[in-house]
Amino acid sequence: MKETIAKYIEEIRATRIEEFKDRAAEVEQFRIKFLGRKGVMAELFEQFKALPNEQKKDMGVALNQLKAAATAKVEEFKNFVEQAEETGESHDLTLPSDFAPRGSRHVLSVVMNEIADIFARIGFTVEESVEIEDDWHLFSALNFPHDHPARDMQDTFFVEKEEGKTEVALRTHTSSVQVRVMETHKPPIRIIAPGRVFRNEAISARAHCIFHQVEALYVDRKVTFADLKQTLLYFAKEMFGEQTQIRLRPSYFPFTEPSAEMDISCNICGGKGCNICKGTGWLEILGCGMVDPNVLDACGIDSKEFTGFALGMGVERMAMLKYQIRDLRLYFENDLRFLHQFDNII
């Protein structure tokens with residue numbers, strides 16, 4: 001028993017309040033442990049009653065030393081806590097801080113990076129450029145007629161639009177990045193252009209005035225539509241799974257000829273038909289085509305020697321399909337309940 005008492009006295013002397021995280025609460029726990037009704041002292045006094053009379057004198061002295069040490073330590077701790085509260089120094093700045101909750105990437109950043117990684121594996125590099133563009137890079141070099149609806153104020157946010165002056169606008173697509181690359185680089189060109197774009201549209205669950213695109217461009221000798229189709233099939237399977245199928249439908253874009261829109265088999269119902277794919281079993285995800293010779297010539301590339309393909313997709317659309325997000329507005333509202341759903345996505 002004497003060895004037990006000596007051990008407790010050593011423990012009391014070695015205890016430091018700096019080791020406590022919640023000081024007031026842990027001081028009370030310390031008091032209860034040693035001086036409470038069911039604490040160490042109470043237990044030792046019960047054992048003391050059963051000792052032979054010849055041992056009680058020495059054990060009584062030891063017990064009193066233990067009680068005095070515990071009482072003094074509790075008073076020391078309480079005084080420390082009270083003084084810290086009075087001076088506003090209730091926290092020990094030398095202690096390690098608690099870790100703040102970690103942030104995470106936005107779901108659009110996650111999807112955009114995933115798209116970039118897929119194209120990087122087949123040799124595409126990332127190119128970026130300005131978000132405020134002139135008419136040449138935004139429309140004229142891309143074979144847009146002067147009366148094309150995309151030039152109308154209803155579709156485009158114009159920064160400067162005066163008669164006789166160069167029109168400047170917030171870019172409506174990242175195709176302008178492709179123009180700048182073709183003007184400054186010689187083929188072979190194999191790039192993707194991710195970025196934010198702007199269109200003057202009413203905000204709803206299916207549309208927004210701000211969204212993100214990733215466009216791809218490949219220009220070289222003897223590039224064919226078969227190269228485009230194989231690239232699209234590879235991308236679809238890497239993005240949505242090996243079971244994904246694609247189909248191409250004829251379409252029209254000023255800067256590609258021939259042009260197509262690409263659908264993938266619905267990854268929700270497996271192509272059987274559901275409310276997401278409106279019963280068709282297919283979901284539209286991007287537009288594509290062979291670069292129009294007029295665009296190549298406008299950018300200083302000989303269309304008789306080189307050919308190329310281009311494709312473009314909306315990142316919001318890809319995220320909606322991949323994670324079943326039904327409202328575009330959620331991407332921009334900074335609602336933590338929405339954002340925390342993607343904390344574990346790498």
> Check the pair Val74, Leu35 against side-chain contact (heavy atoms from CB on, under 4.5 Å), reporting the backbone distance first and the verdict last.
CA-CA 9 Å; Val74 170; Leu35 302 176; 4.3 Å; yes
> Just so I know, are the side chains of Phe338 and Ile325 near enough to count as touching, which here means a heavy-atom distance under 4.5 Å?
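Phe338 reaches Ile325 side chain to side chain.
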> Check the side chains of Trp136 and Glu167 for a donor-acceptor pair under 3.5 angstrom, ignoring hydrogens and angles.
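Per modelled atom types, Glu167 and Trp136 side chains form no pair under 3.5 Å.
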> What closest approach, in Å, do Val177 and Ser129 show between heavy atoms, and which atom pair accounts for it?
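Minimum heavy-atom contact is CG2-CB, 3.9 Å.
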> Could you check Val107 against Tyr331 for side-chain contact (heavy atoms from CB on, under 4.5 Å), going step by step and ending with a plain yes or no?
CA-CA 8 Å; Val107 62; Tyr331 295 126; 3.8 Å; yes
> Quick check: is Tyr252 connected to Met313 through a chain of hydrophobic side chains (ILVMFWY, heavy atoms under 4.5 Å apart)?
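No, separate clusters.
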> Are Val223 and Phe225 co-members of a hydrophobic cluster defined by side-chain heavy atoms under 4.5 Å apart?
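Phe225 clusters together with Val223.
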> Determine, using the 4.5 Å side-chain heavy-atom cutoff (strictly less than), whether Val126 and Val110 are members of one ILVMFWY cluster.
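Same hydrophobic cluster.
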> So, applying side-chain hydrogen bond (donor to acceptor under 3.5 Å, both in side chains) with Gln178, which one of Glu215, His137, Glu183, Glu127 is it?
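Option passing the side-chain hydrogen bond (donor to acceptor under 3.5 Å, both in side chains) with Gln178: Glu215.
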> Could you tell me if the side chain of Thr156 sits less than 4.5 Å from the side chain of Asn200, heavy atoms only?
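Side chain of Asn200 against side chain of Thr156, heavy atoms only: no contact under 4.5 Å found.
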> For Val315 and Met112, which heavy atoms make the closest approach, and how far apart are they?
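Minimum heavy-atom separation between Val315 and Met112: CG2-CE, 3.9 Å.
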> Could you tell me whether the side chain of Ser109 and the main chain of Arg105 form a donor-acceptor pair under 3.5 Å?
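It does not hold such a pair.
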> May I ask you to test the Lys322-Glu114 pair for a side-chain heavy-atom distance under 4.5 Å?
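In short, these two side chains touch, coming nearer than 4.5 Å.
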> Check whether Glu316 reaches the backbone of His212 with its side chain - one donor and one acceptor, N or O, closer than 3.5 Å.
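Yes; judged by distance alone, with no hydrogens or angles, the pair exists.
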> Search all heavy atoms of Thr172 against all heavy atoms of Asp155 and return the closest pair with its distance.
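Nearest heavy atoms, Thr172 then Asp155: CG2-O, 4.2 Å.
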> Can you measure from CD1 (Ile301) to CE (Met182) and round to the nearest 0.5 angstrom?
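If we round to the nearest 0.5 Å, Ile301:CD1 and Met182:CE are 5.5 Å apart.
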> Should the pair Tyr218 and Phe124 be assigned to parallel (<30°), tilted (30 to 60°) or perpendicular (>60°) ring geometry?
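Correct class here is perpendicular.
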> Can you confirm whether or not the ring centre of Phe119 sits under 6.0 Å from the ring centre of Phe235?
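Yes, ring centres under 6.0 Å apart.
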> Under 4.5 Å between any side-chain heavy atoms of Leu232 and Leu248, yes or no?
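Yes; the side chains approach each other to less than 4.5 Å.
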> Would you say that more than 12 heavy atoms from the other residues, nucleotides or ligands in this model lie under 6.0 Å from the NZ of Lys229, or not?
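Count not over threshold, so no.
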> Would you say the side chain of Leu138 lies within less than 4.5 Å of the side chain of His173, judging by non-hydrogen atoms?
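Touching, per the 4.5 Å side-chain cut-off.
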> Provide the closest heavy-atom pair for Leu339 versus Ser104 in the form atom of the first, atom of the second, distance.
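Taking every non-hydrogen atom into account, O-OG, 4.5 Å.
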> Grouping I, L, V, M, F, W and Y whenever their side-chain heavy atoms are under 4.5 Å apart, do Val168 and Leu170 come out in a common cluster?
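Yes; tracing contacts between hydrophobic side chains, which count when under 4.5 Å, links both residues.
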> Could you measure the distance from the CD1 atom of Ile118 to the CD1 atom of Ile115? Nearest 0.5 Å is fine.
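Taking CD1 in Ile118 and CD1 in Ile115, the distance rounds to 7.0 Å.
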> Do Val111 and Met239 have side-chain heavy atoms sitting under 4.5 Å apart?
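A side-chain contact under 4.5 Å exists here.
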> Stepwise, does the side chain to side chain donor-acceptor pair (under 3.5 Å) test hold for Ser303 with Asp297?
CA-CA 6 Å; Ser303 61; Asp297 291 333; 3.0 Å; yes
> What are the two closest non-hydrogen atoms of Val179 and Cys299, and how far apart are they?
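That closest heavy-atom pairing would be CG1-SG, 3.8 Å.
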> Could you measure the distance from the CZ atom of Arg329 to the CG atom of Asp335? Nearest 0.5 Å is fine.
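Answer for the CZ-CG pair, Arg329 versus Asp335, is 13.0 Å.
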> Going by distance alone, is a donor N or O of one side chain under 3.5 Å from an acceptor N or O of the other, for Glu201 and His208?
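Checked: Glu201/His208 side chains show no N/O donor-acceptor pair below 3.5 Å.
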> Counting distance only, does the side-chain N/O of Ser204 pair as donor-acceptor with the main-chain N or O of Ala207 below 3.5 Å?
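Between the backbone of Ala207 and the side chain of Ser204 there is a qualifying donor-acceptor contact (under 3.5 Å).
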> Would you please test Glu43 and Lys38 for salt bridge (charged side-chain N to carboxylate O under 4.0 Å, His left out) and show each step?
CA-CA 7 Å; Glu43 182 182 341; Lys38 297 181 180 181; over 6 Å; no
> For residues Ser265 and Trp282, determine if any side-chain heavy atom of one lies less than 4.5 Å from a side-chain heavy atom of the other.
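Sidechains of Trp282 and Ser265: in contact.
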> Atom CZ of Arg180 and atom OG1 of Thr184: how far apart are they, to the nearest 0.5 Å?
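It comes to 9.0 Å.
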> Could you walk me through whether Met262 and Ile285 pass side-chain contact (heavy atoms from CB on, under 4.5 Å), step by step?
CA-CA 6 Å; Met262 187 184 90; Ile285 66 167; 3.2 Å; yes
> Do Tyr323 and Leu328 share a hydrophobic cluster, counting only Ile, Leu, Val, Met, Phe, Trp and Tyr and linking them when any side-chain heavy atoms are less than 4.5 Å apart?
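Hydrophobic grouping puts Tyr323 with Leu328.
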> What do you reckon, is CZ of Arg121 surrounded by more than 12 foreign heavy atoms closer than 6.0 Å?
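It does: Arg121 CZ has more than 12 such atoms within range.
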> Is there a side-chain contact between Val214 and Leu286, using heavy atoms and a 4.5 Å cut-off?
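No; the side chains remain at least 4.5 Å from each other.
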> Evaluate the criterion side-chain contact (heavy atoms from CB on, under 4.5 Å) for residue pair Ile192 and Thr125; output intermediate values, then yes/no.
CA-CA 6 Å; Ile192 63 168; Thr125 59; over 6 Å; no
> Taking all heavy atoms of Asp292 and all of Pro254, pick out the closest pair and write down the distance.
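Looking at all heavy atoms of both residues, the shortest contact is OD2-O, 4.0 Å.
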> Closer than 3.5 angstrom, by distance alone: can the side chain of Thr71 be matched with the main-chain N or O of Ala68 as a donor-acceptor pair?
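Side chain of Thr71 to backbone of Ala68: no pair is present.
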> Which is it for Arg171 and Glu133 under the salt bridge (charged side-chain N to carboxylate O under 4.0 Å, His left out) test, yes or no, and what are the steps along the way?
CA-CA 6 Å; Arg171 66 183 182 188; Glu133 274 290 8; over 6 Å; no
> Let me confirm one number: the SG-CZ distance from Cys209 to Phe332, rounded to the nearest 0.5 Å.
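So the gap between those two atoms works out to 7.5 Å.
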> For the CD1 atom of Ile203 and the CD1 atom of Ile210, what is their distance to the nearest 0.5 Å?
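Answer rounded to 0.5 Å: 7.5 Å.
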> Taking it one step at a time, do Lys304 and Asp302 satisfy salt bridge (charged side-chain N to carboxylate O under 4.0 Å, His left out)?
CA-CA 5 Å; Lys304 295 180 180 179; Asp302 188 353; over 6 Å; no
> What verdict does the salt bridge (charged side-chain N to carboxylate O under 4.0 Å, His left out) test give for Lys33 and Glu11, after you've listed the backbone C-alpha separation in whole Å, the side-chain angles of each residue and the deciding distance to 0.1 Å?
CA-CA 12 Å; Lys33 175 180 178 180; Glu11 178 184 342; 2.5 Å; yes
> Going through the checks in order, is the ring-ring contact (aromatic ring centres under 6.0 Å, His included) test met by Phe211 and Phe198?
CA-CA 7 Å; Phe211 56 101; Phe198 311 85; 8.6 Å; no
> Report, as yes or no, whether the 6.0 Å neighbourhood of atom CD1 on Ile122 holds more than 12 heavy atoms from other residues, nucleotides or ligands.
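Count over threshold, so yes.
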